[in-house]
Number of protein chains: 2
Amino acid sequence: MKTPKEPMKKPRNLKSAPDTKSKIIRAVGKVLAKQGMREIGINHIAQVAGVDKVLIYRYFGGLAGLLKAYSDSGEFWPTREELLAGITFDGTQAITHAFFEQQLRNFSAAIQKRALTQEILRWELIEQNAMTRALAETRERQTLELIAGYQDMLGGADIAAITAVLSAGLIYLTLRSKSVDTLNGINLKDEQGWKRIEDAACLLLRGIPLKAQP
Amino acid sequence: MKTPKEPMKKPRNLKSAPDTKSKIIRAVGKVLAKQGMREIGINHIAQVAGVDKVLIYRYFGGLAGLLKAYSDSGEFWPTREELLAGITFDGTQAITHAFFEQQLRNFSAAIQKRALTQEILRWELIEQNAMTRALAETRERQTLELIAGYQDMLGGADIAAITAVLSAGLIYLTLRSKSVDTLNGINLKDEQGWKRIEDAACLLLRGIPLKAQP
DNA sequence: TTGACATGTCACTAATAGGTGACATGGTGC
DNA sequence: GCACCATGTCACCTATTAGTGACATGTCAA
């Protein structure tokens, strides 16, 4: 038996629902970045947001709705511009291996700096929910758009599969780097080790046959 | 208030500790394979094993000890023989790209058929515990041994990094295939899609410079 | 035979999870 | 002024979690 508190100690701010909703959504990001998916739960989010959990049910219908709302709220994947940074390509030159190599290095850097994205990628491996599904779809669409333009610049190689293998490799090594220091004797926690990895990926890239220049 | 049961309904089998221990350890594998790491807990394991959870504390000291015991109990990683299956190599021939390609395909198949290993790999991305640490160490040692012999057969390429990238790619795509149907437009749930992936990886492999034959 | 020990059963605690019902309060439209 | 409704607070529920203490019973050694 608990002794009831004096009700209404804090006067609520009326008409503050949008503010409250945003506090809740931001709390999802906070928890995800700091503790990872394991700590995502109604009670914990409510506590971090400084909000009563009942409001999560009222405003988002529950955890699933909240996650969906969260996934609609931010930039979780490298943009096309980010991937093409440092590349001058006007569409008229012949495509070179260096063109792909730069994108690969940009991709690697982009993934590594997004701690939140890494958490979401981890989550996607464990379970499906409204959020992971929505994000995966968006990503799939963006990637397909990007690589569609490259297919006929190659000498018949399967650009989708090549991209899949290499980006998967970089993603996995990035995710793994949080929980382990070295893999195959490579230090995943310093720049030197990552240079080895990216260099290796670029070397592999050289196996792709490009279309002969016209 | 619960009504106390008649004590000792089931007569216990005396001297059955080894049997009980084994039941508990097997339960870890069962739960891991069927429900994944999320369901690994003292209560659940005890229930699946059909055993009182107190015995887990007594015999293994808790969850950590149990996981360590489990990790010592099985084959979770492809053996050297499995990787080299279908390859005839007596150490005297010059090494070829086909040699590496076959190993890559063997590795891909080996990972894909080990549902339990996949769960453990997922787990390693989420947390560290006695079990994941022990398994990762064993794996690291085996891999280093295997590739050490290859380094000087190559024309100066970083075999450790290349292996890391490609196997990481295959692992990630395998793990991802449980929760998603297509990635980059590739169907991860049928053989055709996996043929595209393995072919792409083999194509990449062709970028590695081999040592000129003497 | 007796006593120590290994094995196993059960009841219990404390913490935390997800989820719901009741209610106070203040702004808004009538 | 009055009734409605959005906002917010709180107390409660049931399930499940990890972990511990108490005790019954069969086996084995002395």
Side-chain angles (χ1 to χ4, degrees), chain A residues 1-25 27-28 31-32 35-70 126-127 129-131, chain B residues 1-25 27-28 31-32 35-70 126-127 129-131:
Chain A
M1 191 67 100
K2 291 185 184 175
T3 64
K5 294 186 190 174
E6 297 276 293
M8 302 298 111
K9 295 167 82 165
K10 260 189 220 162
R12 72 227 144 290
N13 313 340
L14 269 290
K15 282 299 162 210
S16 57
D19 203 59
T20 301
K21 285 183 189 176
S22 134
K23 267 200 293 187
I24 296 172
I25 288 179
V28 175
V31 174
L32 215 43
Q35 284 115 356
M37 86 204 72
R38 297 169 61 85
E39 300 301 322
I40 293 287
I42 293 283
N43 289 301
H44 192 204
I45 291 173
Q47 190 206 329
V48 170
V51 139
D52 195 294
K53 65 178 170 178
V54 171
L55 302 181
I56 295 179
Y57 289 102
R58 275 229 270 273
Y59 292 146
F60 301 101
L63 192 55
L66 172 57
L67 296 179
K68 182 67 175 63
Y70 175 72
I126 306 302
E127 70 173 273
N129 56 46
M131 173 170 137
Chain B
M1 189 68 101
K2 291 185 186 177
T3 63
K5 296 186 192 176
E6 297 278 294
M8 302 299 111
K9 295 167 80 165
K10 264 189 220 163
R12 69 227 144 290
N13 312 342
L14 268 293
K15 282 297 163 210
S16 56
D19 203 61
T20 302
K21 284 183 191 177
S22 135
K23 267 200 294 187
I24 296 172
I25 289 180
V28 175
V31 173
L32 215 44
Q35 284 114 357
M37 85 204 73
R38 296 173 64 87
E39 300 303 322
I40 293 287
I42 293 282
N43 290 301
H44 192 204
I45 291 173
Q47 190 207 329
V48 170
V51 140
D52 195 294
K53 66 179 171 179
V54 171
L55 303 181
I56 295 178
Y57 289 102
R58 273 228 271 273
Y59 293 144
F60 301 100
L63 191 55
L66 172 56
L67 296 178
K68 181 68 175 62
Y70 176 71
I126 305 303
E127 71 173 275
N129 56 46
M131 172 169 137

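Protein chains get the first letters and strands the later ones, always in sequence-line order, with residue 1 at the start of each.
- Atom CZ in Phe60(B) sits roughly 15 Å away from atom P in dG19(D) (whole-Å rounding).
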Identify each atom pair where a protein N or O and an N or O of nucleotides 15-17 of chain C are less than 3.5 Å apart, giving names and distance.
none

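- We find that OH of Tyr59(A) is positioned 7 Å from C1' of dA6(D), with the value rounded to whole Å.
- Within 4.0 Å (heavy atoms only), Val54(B) reaches at least one base atom of the nucleic acid.
- Between Lys21(B) atom NZ and dT7(C) atom C1' the separation is 11 Å, expressed in whole Å.
- One interatomic measurement links the two molecules: CZ of Arg38(B) to P of dT16(D), which rounds to 16 Å at whole-angstrom precision.
- In this structure, Asp52(B) atom CG and dA18(D) atom P are separated by 14 Å, rounded to whole Å.
- In this structure, Asn129(B) places its CG atom 14 Å from P of dA18(D), rounding to the nearest Å.
- With sequence neighbours excluded, the residues forming a side-chain hydrogen bond (donor to acceptor under 3.5 Å, both in side chains) with Asn43(A) are Lys53(A), listed by chain and number.
- Contact annotation: the side chain of Ile42(A) never approaches that of Leu66(A) to less than 4.5 Å [non-hydrogen atoms, C-beta and beyond].
- For the pair Tyr57(A) OH and dT9(D) P, the interatomic distance rounds to 17 Å; values are reported in whole Å.
- In this structure, the CD1 atom of Ile40(B) is 16 Å from the C1' atom of dT16(D), given to the nearest Å.
- Residue pairs meeting the salt bridge (charged side-chain N to carboxylate O under 4.0 Å, His left out) criterion with at least one member in residues 42-51 of chain A: none, sequence neighbours excluded.
- Side-chain contact between Glu39(A) and Val48(A): absent, with no pair of heavy atoms (C-beta onward) separated by less than 4.5 Å.
- Side-chain atoms of Lys21(A) and Phe60(A), non-hydrogen and from C-beta on, do get closer than 4.5 Å to each other.
- Between Glu127(B) and Met37(B) the shortest side-chain heavy-atom distance does not fall below 4.5 Å.
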